[in-house]
Chemist: 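Can you read through this structure? Questions will come right after.
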Amino acid sequence: MESRAGISKQDIREQIWDYMESQNLADFPRPVHHRIPNFKGSYLACQNIKDLEVFTRTQEVKVDPDKPLEGVRLLALQSKKTLLVPTPRLRTGLFNRITPPPGATKDMLRKCATSEGVKNYSVPVGLDSRVLVDLVVVGSVAVSEKGWRLGKGEGYADLEYAMMVSMGAVSQETPVVTIVHDCQVIDIPEALLEDHDLTVDYILTPTRVIATGCERPKPTGITWSKISCEMMRKIPVLRSLHYREKQRGKDVTLQDEHQRLLETCSQQTAPPSAVRRPWNPPQLEPSSVQGEDVPSNTVYVGNLPWDTRVSELKRALRERGTAPLRLTWQGPQHRAFLHYRDPASAQQAISCLQGLRLGTSTLRVALARQQRASDLAGDGAREATS
C-alpha cells in the first residue's frame, strides 16, 4: 500500500483498517478498527522469528499481548525462554512473567500463549526485579521498511518501552521486532515521527523478513512532559517511576504542569495591557513555630471554597485516584490535610492533584512538612475517614 501526501498518523491507521476489512484479510477479533489488527496468516508470519539469530540466542523475551503475536508467545514458551507480557493498559504493573505449570503439554503451552493463559498462568514482575530483556516484540497497525512504526494511537507500546528503559531492562542495542500483514508495510512520512515513538529493527510478514537497519534512536526514557495527571492516575507503576526519577533529580514536569508553566511565561512576556494575573505555584503556609514539622507523608490542600463539603473533596480525590488513608478537615480555615501511607504516595498525590478545581477555585496542593504540627489538631479540625 502507498500513503497519500499530507497524510496524518490517524489517516494511515484508518486506511490500513479499512483495507484489511474490505479485502477480508482481517481475522478474529473483528472489526479490526482501533485494534492492533489480527490477520490471516499471522501464525505463519510468527514462525519467521525462528530464522532470526536475535531470537535463537535470546533468553528473556517481552511480547505484547496482541492476538497476532500469539504465535511468538507460543514459540518462546516452547523454546523454554522467559516470556514477559505487559499487563493490559498497565493497570496492575508493567508486565507479568508467564509461568506454565510443571510438565505442561503442547496444548497447555498453546493455552498459556493466549490472552486467557496470560491472565491465568502469570506472576507479576516488580520494578525492583532484575529484568534484562533480550528481545522486544510489538504489534503494529502500520510500519515502514525504514523501521518507523504506528500503533493504534494510545501510545502504550511506546510507553512500555520507555518504562523499561527507566528501570534498566532494555538499551538502545535491544532489538525490536514487529509482526504484520504485508499490506501493513507502508511508507510513513518521517515528519510524522516524534521522539517518543518506538522504531523497529525487524519486520516479519507471512512472506517476508525485513531487516530495517533503522538508525533513528529509540526512546531514551519516559518523556514526562507527554504524561498527563490522568495517565498517572490510571497507571500506578508510572507514579512509582515518577517518584524514583524525581528523587534522582530528573525533570519530571508533567504535561499539565508543563502547560501551566508555558502559560505563565507567555503572560509574563506579554504587553502590559495584555498581562493577566500569573498562575502562582502552590505555596506552603508559613510555620509560626520553627522546627515543628508534620510527617512527610502528609499533603496540604488549601484555597478550599467556603461552601465546600468534605464529601465533595473526597469525591474529587477518588476521581484522581489519590484517596488518602485519612483526611483532616479544616473547612472554616479553607484547608484540609491528607495523610498517606508513605512519602512516595504523598508525592504522587501532589503530582496528580495539581490544577484540581472545586467550584471556581483552583486548590493549592503541596507537601505539608512545613505546616505547624498543631494545625493537624487545631481549632475547627476534625477527622474524616476516607
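These numbers were taken from a predicted model, which means no experiment stands behind them. Every heavy atom of this structure was used, including side-chain atoms; hydrogens, water molecules and symmetry mates were not.
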Chemist: Could you verify whether a donor N or O on one side chain and an acceptor N or O on the other, from T105 and D107, lie under 3.5 Å apart?
Modeler: no
Chemist: Using a distance-only test with no angle check, is there a side-chain donor-acceptor pair under 3.5 angstrom linking T328 and H339?
Modeler: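 Yes, because at least one side-chain N or O of T328 sits under 3.5 Å from a partner of the opposite role on H339.
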Chemist: Decide whether D187 and S144 meet the rule of one side-chain donor and one side-chain acceptor closer than 3.5 Å.
Modeler: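 The answer is no; no qualifying pair exists.
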Chemist: Under a 4.0 Å N-O cut-off, is there an ion pair linking K146 with E190?
Modeler: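 No, this pair does not count.
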Chemist: Taking a hydrophobic cluster as the set of Ile, Leu, Val, Met, Phe, Trp and Tyr residues connected by side-chain heavy atoms closer than 4.5 Å, whether directly or through intermediates, do W329 and L363 fall within one such cluster?
Modeler: yes
Chemist: So is K81 actually on top of F55's ring, under 6.0 Å and inside 45° of the axis?
Modeler: yes
Chemist: Are more than 12 heavy atoms from other residues, nucleotides or ligands located less than 6.0 Å from atom CZ of R341?
Modeler: no
Chemist: Would E70 and R110 pass as an ion pair if we require N to O under 4.0 Å?
Modeler: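 Looking at E70 and R110, the cut-off is not met.
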Chemist: Are D18 and R13 within salt-bridge range, i.e. N to O under 4.0 Å?
Modeler: no
Chemist: Does the pair R73/D66 count as a salt bridge with the N-to-O cut at 4.0 Å?
Modeler: no
Chemist: I'd like to check L198 versus P219 (side-chain heavy atoms, cut-off strictly below 4.5 Å). Are they in contact?
Modeler: yes
Chemist: State whether E312 and R309 are salt-bridged, where the test is any N-O pair (Lys NZ or Arg NE/NH1/NH2 against Asp/Glu carboxylate O) under 4.0 Å.
Modeler: no
Chemist: If you measure only the distance, is there a donor-acceptor pair under 3.5 Å linking the side chains of R30 and N24?
Modeler: yes
Chemist: Report yes if some heavy atom in the side chain of R149 is under 4.5 Å from a heavy atom in the side chain of T199; otherwise report no.
Modeler: no
